[in-house]
Number of protein chains: 2
Amino acid sequence: MTLQNRVTIKDIAKATQLSVATVSRILHKKGQHSSVTVKRVTETANKMGYVRNTSAADLVNQKSRIVAVIVSNTKSNFSEHIIDAIESKAASDDLNVFILHAGNRDEQSQLKAIKTVIERAVMGIILVSLELDDNVLTTLNSTSIPSICLSTSVKDTAIPFVTSDNYQMGYAATQLMIDKGHTKIAIAGIPTAGSINQRIAGYLQCMSDHHLRVEPDWIQYGTCTYDDGEKTWQVYAKKREITCAICASDLTAIGMLNAITEMGLKVPDDISLVSFDGTDIVDMVRPRITSISQSFYEMGLAGIKFLTDGRTIQKQYLPFKIVERESTRRLEK
Amino acid sequence: MTLQNRVTIKDIAKATQLSVATVSRILHKKGQHSSVTVKRVTETANKMGYVRNTSAADLVNQKSRIVAVIVSNTKSNFSEHIIDAIESKAASDDLNVFILHAGNRDEQSQLKAIKTVIERAVMGIILVSLELDDNVLTTLNSTSIPSICLSTSVKDTAIPFVTSDNYQMGYAATQLMIDKGHTKIAIAGIPTAGSINQRIAGYLQCMSDHHLRVEPDWIQYGTCTYDDGEKTWQVYAKKREITCAICASDLTAIGMLNAITEMGLKVPDDISLVSFDGTDIVDMVRPRITSISQSFYEMGLAGIKFLTDGRTIQKQYLPFKIVERESTRRLEK
DNA sequence: GTTCCTTCTGTAAACGTTTACAATACCTTT
DNA sequence: AAAGGTATTGTAAACGTTTACAGAAGGAAC
C-alpha cells in the first residue's frame with residue numbers, strides 16, 4: 001500500500017453507500033445519526049484501516065492540536081523536567097507535543113524551527129532555554145500563534161516568559177556563602193550575554209553590599225558546560241585565592257569538582273562549590289553538590305497552561321530553593 | 001492578525017497582479033520566470049509576511065519533509081547521542097525532525113504517538129529504545145511510511161532495526177571480568193523482557209563456558225535506573241559473596257557505586273563495577289566507570305540514512321567497545 | 001389535510017497549495 | 001510571410017476534510 005492510496009473517507013462513503021459528510025460527522029462524533037449507520041461506518045473504517053489525513057483537516061480547521069516545544073540543544077540536563085510537565089498536562093488535554101531542537105544563540109536554526117512549526121499552524125510554541133534575538137522575535141510576533149519563553153526572560157513585551165529570577169539567584173548563592181564565612185568567592189561558567197548573565201549582577205551586588213572585594217579573575221565566563229568547570233579551575237588554581245566557586249550549572253560544578261580533586265585538593269575542605277539548577281545529578285556525585293534549585297517542573301506546567309487555559313501571565317518569576325548538600329562548608333576564620 | 005487571515009499566495013497574486021500558479025512556482029523556484037517578476041513576488045511575499053501553509057502543500061504533495069523520532073521517555077541518557085546524529089544529517093538534507101515521547105512498554109502512548117505522526121504523512125519514523133508489542137507493530141505495518149527501530153531489536157521481519165548485540169555485550173562484559181580473575185559476578189538492573197534481556201543470556205553463557213557457578217541472587221532485574229543500582233546493592237550486600245557487578249546502564253552503575261560507598265566499602269577495591277552504554281556520565285563520577293560503550297551516534301546515523309538514502313538495511317548490529325576505566329580491578333587470588 | 005417538529009442524510013463550497021496543460025508574446029529561421 | 005521555437009504566464013483540477021445549509025421521511029397536533 002502506498003501513501004497515494006491510503007483509505008480516505010471517500011472510500012468509506014463508497015463502501016457504506018453514504019455521503020462523505022455523514023462519514024466525516026460520524027467519525028468525529030458530530031451531529032446525530034442512527035446507531036446502525038454509526039456502527040456500519042466505524043466498523044468499515046476499522047476494517048479498511050482508515051487513518052485521518054490531518055493535513056486536510058488542519059487545512060479547513062485552520063489549526064491543529066499540536067504544541068511545539070523548541071528546546072536549546074546545548075547540553076543542559078534540566079529541560080527534561082520542563083518537558084515532562086508539558087507532556088503530562090498535554091496528555092490530559094488530548095494535545096500532541098512535538099519537540100524540536102535549536103541552537104541557543106544560533107539565529108538560523110531558531111528561525112528554521114519556528115518557521116517549521118508556524119507553517120503547520122501549531123496551537124502554541126514553547127521556547128525552552130533559548131535566547132532570542134530581534135530577528136526571531138519579529139518572526140514570532142508576526143504570527144498570531146501564542147508563544148512563551150521558559151527559563152529565559154525576554155525584553156520584548158509581546159512574548160511572555162516564566163523563569164527564575166537570575167539576579168536574585170546570583171544574590172542568594174553569594175549570600176549563602178558569605179553567611180558561611182566566605183569572602184573570596186568566584187563565579188564560573190556564566191554566559192556573557194542573555195538573561196542568565198544577571199546572575200553575575202546579583203553576585204556583584206551582594207559582594208558589594210557586604211563590602212567585599214571582587215577580583216576580575218574571579219568572574220569567568222562560559223556556557224554552563226562540564227568543560228567550563230574543568231577549565232575554569234585551571235584559572236583559579238593559578239593564584240589559589242578563592243575559597244568558594246559559584247558554578248553556572250550542575251555540570252559546571254561537577255567539572256570543577258573533578259578538576260579540583262585531580263589536583264589533590266578536596267571539596268568542600270579546600271574549596272566550596274555551589275551550583276545553579278539542582279537537577280538529579282547533584283545527588284549522584286560525591287560530595288553531593290549544594291545547589292540553588294529551580295522549579296523546572298512548575299515552569300513547564302506554567303508554560304503549557306498559558307497555552308491551554310487562557311493567556312494571563314505575561315512575566316512570571318518562579319521561586320528557587322537553596323539546598324545545602326555536601327559541597328559547601330562553613331569557613332572558620 | 002488572526003490565523004484566519006494569514007497571508008496566502010492568493011493575496012500575493014492579487015497584490016502583484018499575477019496568478020497564484022506563478023506565485024507558487026516562483027516561491028518554490030520551479031519553472032522559469034523573468035527576473036523582474038521574481039523580484040516583485042519575493043519582495044511582496046516578504047513585505048506581506050507570507051508563511052507557507054504546509055497543511056495545504058502536504059495535502060497535494062501527499063507527503064512532508066518531516067522525520068518523526070519517537071523516543072522512550074524512561075530516564076535514559078543515551079538517546080541524546082542518537083538524536084544528535086539524526087538531527088545533524090537531517091539538517092544537511094533539509095529535513096525537519098519532530099521528537100515525540102512515548103512510554104517504553106506503554107502500548108497506548110506508543111499508539112498515540114505513532115498515530116499522530118502517520119496522520120501527518122511524515123516521511124519516516126525512527127523509534128528509539130522502544131519495545132513494541134504486536135498491536136503497535138501491526139499499526140506500523142499497515143502504513144506505507146518506512147520506520148526503523150534503534151537500540152532495540154524486533155522480531156517482526158517487516159521493521160528493520162539497528163542496535164548493539166545485547167547477547168554479545170553481556171558475554172563481553174562477563175568475559176572481561178573473568179579475565180581479570182573474578183568468578184563471583186552479578187548482573188543488575190536488566191529488564192525481564194525485551195531484547196535487552198539477552199544480556200543475561202550472554203552473561204550466563206560466558207559463566208557456563210568458564211564452568212562458573214551462578215547464584216540465583218546474582219541476577220537482579222530492573223529498568224536500567226539509578227534507583228535499581230542503589231536497591232540492588234542492598235540485596236547483594238546481605239551475603240557479600242560477589243566481587244563484581246555488571247550494571248544495566250551507566251546510571252545503574254552509579255547508583256550502585258554510591259550505595260557501596262555509603263556502606264564504607266570501596267570501588268574497585270571491594271567491588272568492581274562495569275556498566276553498559278558508556279555515555280558522558282561515566283567520566284564524571286569518581287572512580288570513572290568501566291563500560292561496554294555502544295555506538296549511539298552511528299546508530300542514529302544509520303537510522304536517518306535508512307530513511308533518506310534508500311532502504312537497504314534490514315537488521316544491523318553495531319560494534320561496541322570495552323573501555324576500562326577505574327571501577328574495575330584485577331582480582332589477585 | 002395541513003402544518004410543524006424531529007431525526008437523519010446529502011449537496012456543495014471552502015481551506016491553500018501544486019502542477020499538467022494551455023495560451024500568449026516574441027524571436028528566429030526559412 | 002509562414003513556421004517553429006522559447007520564454008513567460010494563466011487556467012483549472014486536484015489533494016481529503018469539515019460544515020452550513022438544504023432536503024427527505026416520519027410522526028404528532030390541529
Side-chain angles (χ1 to χ4, degrees), chain A residues 1-42 44-45 48-65 115-116 118-121 143-144, chain B residues 1-42 44-45 48-66 115 118-121 143-144:
Chain A
M1 180 166 72
T2 72
L3 242 200
Q4 278 65 24
N5 46 33
R6 283 224 285 212
V7 178
T8 71
I9 52 172
K10 236 177 195 164
D11 300 322
I12 298 175
K14 208 169 290 169
T16 54
Q17 310 259 50
L18 289 163
S19 70
V20 289
T22 307
V23 175
S24 171
R25 276 186 302 249
I26 288 177
L27 258 24
H28 300 286
K29 311 185 197 341
K30 298 243 167 95
Q32 34 195 0
H33 296 90
S34 79
S35 54
V36 288
T37 330
V38 171
K39 204 178 155 208
R40 197 150 50 101
V41 168
T42 47
T44 29
M48 298 178 74
Y50 170 74
V51 308
R52 189 157 172 262
N53 183 326
T54 317
S55 296
D58 286 353
L59 180 56
V60 12
N61 291 333
Q62 305 271 20
K63 65 174 171 237
S64 68
R65 295 192 64 74
K115 223 182 107 203
T116 305
I118 66 181
E119 277 184 359
R120 308 198 114 72
T143 164
S144 66
Chain B
M1 178 167 74
T2 70
L3 243 201
Q4 279 64 24
N5 46 34
R6 283 225 286 212
V7 177
T8 71
I9 51 171
K10 235 175 193 165
D11 301 322
I12 298 174
K14 207 169 291 170
T16 54
Q17 310 258 51
L18 289 163
S19 70
V20 289
T22 307
V23 175
S24 171
R25 275 186 302 248
I26 288 177
L27 256 25
H28 300 286
K29 312 186 195 343
K30 296 243 167 98
Q32 36 194 0
H33 297 89
S34 79
S35 53
V36 288
T37 330
V38 171
K39 201 177 158 209
R40 195 152 50 103
V41 168
T42 48
T44 28
M48 299 177 75
Y50 169 73
V51 307
R52 188 157 174 260
N53 183 326
T54 318
S55 296
D58 286 353
L59 180 56
V60 12
N61 292 332
Q62 304 272 18
K63 65 174 173 235
S64 67
R65 295 192 63 76
I66 291 184
K115 222 182 106 203
I118 65 181
E119 277 183 358
R120 308 195 111 74
T143 164
S144 66

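The basis for the numbers below is simple: all heavy atoms, side chains too, and nothing from hydrogens, waters or symmetry mates. So that the names make sense, note that chain A is the first sequence line, chain B the second, and so on, each numbered from 1. Bear in mind that the values here come from a model prediction, so they are computed numbers and not experimental data.
Residue Arg25(B) forms a side-chain contact (heavy atoms from CB on, under 4.5 Å) with just one option from Val23(B), Thr22(B), Leu27(B), and that option is Thr22(B).
In this structure, the NE2 atom of His28(A) is 8 Å from the P atom of dT17(D), given to the nearest Å. Note: CG (Asn61(A)) to P (dG16(D)) measures 17 Å, nearest angstrom. Here dA14(D) presents its P atom at 17 Å from CG of Leu59(A), a figure rounded to the nearest Å. Atom-to-atom, CD of Gln62(A) to P of dT17(D) comes out at 17 Å; the value is rounded to the nearest Å. In this structure, His33(B) atom NE2 and dT19(C) atom P are separated by 13 Å, rounded to whole Å. Atom-to-atom, CG of Asn53(A) to P of dT18(D) comes out at 10 Å; the value is rounded to the nearest Å. Between Ile12(B) atom CD1 and dT18(C) atom P there is a gap of 11 Å when expressed in whole angstrom units. In this structure, the CZ atom of Arg25(B) is 11 Å from the P atom of dT18(C), given to the nearest Å.
Not one N or O on the side chain of Thr44(A) forms a donor-acceptor pair closer than 3.5 Å with the backbone of Ile12(A). In this structure a side-chain-to-backbone donor-acceptor pair under 3.5 Å is missing from Asn61(A) to Lys63(A).
The side chain of Ser34(A) contributes an N or O atom lying less than 4.0 Å from OP1 or OP2 of dT9(C). Remark: Gln32(B) is in phosphate contact with dA7(D), judged by side-chain N or O atoms under 4.0 Å from OP1 or OP2. Dashed line: the shortest gap from a side-chain N or O of Lys30(A) to OP1 or OP2 of dT19(D) is under 4.0 Å. Side-chain nitrogen and oxygen atoms of Arg6(B) include none within less than 4.0 Å of the OP1 or OP2 phosphate oxygen of dC15(C). Taking 4.0 angstrom as the limit, Ser24(A) places none of its side-chain polar atoms (N or O) nearer than this to OP1 or OP2 of dT19(D). A sub-4.0 Å separation between OP1 or OP2 of dG10(C) and a side-chain N or O of Thr22(A) is present.
Gln17(A) comes within 4.0 angstrom of the backbone, heavy atoms only, and of no base. Ala21(A) comes within 4.0 angstrom of a base, heavy atoms only. Thr37(A) comes within 4.0 angstrom of sugar-phosphate atoms only, judged by non-hydrogen atoms across all strands, and of no base.
Residues Thr143(A) and Val51(B) form no side-chain contact, since every pair of their non-hydrogen atoms from C-beta on lies 4.5 Å or further apart.
Place Ala56(A) and Val38(A) on DNA chain C by their nearest nucleotides, and Val38(A) ends up nearer the 5' end.
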Inset, instruction - Check step by step if side chain to side chain contact (heavy atoms under 4.5 Å, CB included) holds for His28(B) and Arg52(B). - result: CA-CA 10 Å; His28(B) 300 286; Arg52(B) 188 157 174 260; 2.9 Å; yes

